[in-house]
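Since the structure comes first, as structure tokens, the remarks are kept for the end.
Protein chains get the first letters and strands the later ones, always in sequence-line order, with residue 1 at the start of each. Values below: all heavy atoms of this structure, side chains included; hydrogens, waters and symmetry mates excluded.
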Amino acid sequence: MFDQDNELIAQRRKNLEEITALGFEAYPHRFSRTHTITEAVSAFGCLDRESLAAEPITVRVAGRIHAINKMGKAAFIRFTDGKSMVQTYLRKDEVEPAAWELFLRLDLGDHIGVEGFLFRTKTNEFSIHAKALAFLAKALIPPPDKFHGLQNKELRYRQRYADLIANHDVREVFEKRARILREIRNYFDSRGYIEVETPMLSPLATGAAARPFKTHHNALDIPLYARIAPELYLKRLTVGGFEKVYELNRNFRNEGLSIKHNPEFTMLEFYQAYSNYEELIDLTEELITGIVETVCGGTTVTYEGVDISFERPWARLTMQEAVLKYWETKPEGAKLETLEDVIAAAQATHCEINPKAGFGKCLGALFEHVAEKHLIQPTFITRFPTELSPLSKQSADDPNFVDRFELFINAMECANGFSELNDPLEQQRRFEEQMQARAGGDEEAMVLDEDYIRALGYGLPPTAGEGIGIDRIVMILTGQRSIRDVILFPHMRPERHQEEHPAAEPRTAE
RNA sequence: GGGCCGUUAGCUCAGUCGGUAGAGCAACUGGCUUUUAACCAGUGGGUCGCAGGUUCGAGUCCCGCACGGCUCACCA
């Protein structure tokens, strides 16, 4: 890793040895600061040259070296605390001789501490006139190009630390992500919801239609699955009397990776007793609009050059209305009331459907084929087929549909909520249907959870629940095109280490 | 899994028709006491992703593989 064959690393190791030979500790344990660089810049960066000269302000700050401009017996060192950058002006005749010798052996990427007084240069740049210089840690590996940053996407994802050092906008994305999560927690905490944590590892992977990761518990000698959704656990808690609960955490799905899919992703799920799905639609608008206003300032964000407006109310369409609206070659008087209607529409729009699928699955496929890509502005799709919604409560006027919605933004499904099915006998019947589909080869059909049925047997009040895909919301609010750009360490194939090649001839030149 | 594109110095990138491997940053030596991607002079640094093939000769053409990006399919 740090082999001497690489001249840049060898040079840095040599510099470190010489620094310790000068009497500096190689990896000192601490450095007391008066300010972070960010604090110093925000506290004093507004002062002009005259006020800085009139009453000298001394600071002790620390950071990583970004650039060095050396001019004989003086130098500027630009360094950063990760968030803000400042430069220090160092003169050979104004610091200890050892400090100057130290300076001569510093490399880009090293951590230093500086004590000095604040001033402005003749080009008016806010700077620290160094009186003392401390060595805090060596970077044996050179940082990426100080001007171009790190462009190679593979390196940026695999070595996020290097990405964060080199590309300041990456840090801003993750700071914004943290603010979004904080706003979500504020929203629910201030309205009396309790945040809970339910099992990540469970004997059953259920509550959603997805393929799970499987593992094994040695002591119990049983298979366990990484959860695909916390849904059924959260509703057990509603049965138990937690009227309003939320969980903000990871789900795991053993499926393909893409610009919109990571094997683990962050989901908000929340449930509230004595509510229905229409109340959740209002809540979702309020929650997300509030986040957009707080985090992005305003009600509009620009994503991929398109303005997305979160001005309320957002569009609402039933699934059938959405298909009819975006079906470009729709014949006069077309309807989507029966299986025959839907099959005819699928054929007319060249939408492939499974010939064995029923009305609900066909309508769902048709919706995804015809309408989904047009749902750029926030849009709630309602009135889902019962066949696609094994955990949702049927609509009062037609048992073929359920009281459910999905929220689409930028053609991505961002939220899914419904009035919860709380009739244990009907739930059992729906699970049995799913198990039949599973037996028929549908790997993603939902798995029966008997204990969940038992919980419903104790009586789940009328309840509405929702899941919101946080990574996707963060993508839209931070303008990132790929989910990998809003996840700190996205999943990658492991690096394949090259076969050990015969040891190179030792270098003799020195 | 399919299709398209990419992989050249630590980083960012050139490399024409197949004919001695290039630049900027970074590094090294020297100069320079308010620089701004500092500047000036000089120097070193390469398994051209890996492995085959064609050819007198391959970074370049062909085949296979690895990894990545985009995209389609599956999925949220």
What's the closest nucleotide to the side chain of Met492(A) if the choices are rG68(B), rU33(B), rU35(B)?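 Among rG68(B), rU33(B), rU35(B), the one nearest the side chain of Met492(A) is rG68(B).
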
In terms of side-chain heavy atoms of Leu155(A), which of rA76(B), rC11(B), rU34(B) is nearest?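 Given the options rA76(B), rC11(B), rU34(B), the side chain of Leu155(A) is closest to rC11(B).
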
Any strand is fair game: report the nucleotide pairing with [N] by Watson-Crick or G-U wobble, both distances under 3.5 Å, or none.
N       : answer
rC65(B) : rG49(B)
rC13(B) : rG22(B)
rC28(B) : rG42(B)

[M] and [N], which share atom name [atom1], separated by this distance in whole Å:
N       : M       : atom1 : answer
rC50(B) : rC67(B) : C1'   : 11 Å
rG18(B) : rU43(B) : C1'   : 32 Å
rG24(B) : rU33(B) : C1'   : 28 Å

May I ask you to evaluate whether [X] reaches the phosphate of [N], defined as a side-chain N or O under 4.0 Å from OP1 or OP2?
X         : N       : answer
Arg78(A)  : rU34(B) : no
Arg158(A) : rG68(B) : yes
Arg493(A) : rG68(B) : yes
Arg472(A) : rA76(B) : no

Rounding to a whole Å, what distance do you find between Leu257(A):CG and rU71(B):C1'?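 Spelled out: CG on Leu257(A) to C1' on rU71(B) is 15 Å.
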
What is the distance, rounded to the nearest whole Å, between atom OH of Tyr89(A) and atom C1' of rA38(B)?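 These atoms are roughly 13 Å apart.
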
Would you say the side chains of Thr206(A) and Asp449(A) form a donor-acceptor pair under 3.5 Å? no

Basic-acidic side-chain contact under 4.0 Å: Arg253(A), Glu444(A):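 No, Arg253(A) and Glu444(A) are not salt-bridged.
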
Assess whether atom NZ of Lys373(A) is packed by more than 12 heavy atoms of other residues, nucleotides or ligands within 6.0 Å. yes

Side-chain donor/acceptor of Asn152(A) to base of rU12(B), under 3.5 Å: no

Write out a two-atom table: protein N or O, nucleotide N or O from nucleotides 24-28 of chain B, distance below 3.5 Å.
| unit_1 | atom_1 | unit_2 | atom_2 | d |
| --- | --- | --- | --- | --- |
| rG24(B) | N2 | Asp145(A) | OD2 | 2.8 |
| rA26(B) | OP1 | Lys146(A) | NZ | 2.7 |
| rC28(B) | OP1 | Gln11(A) | NE2 | 3.4 |

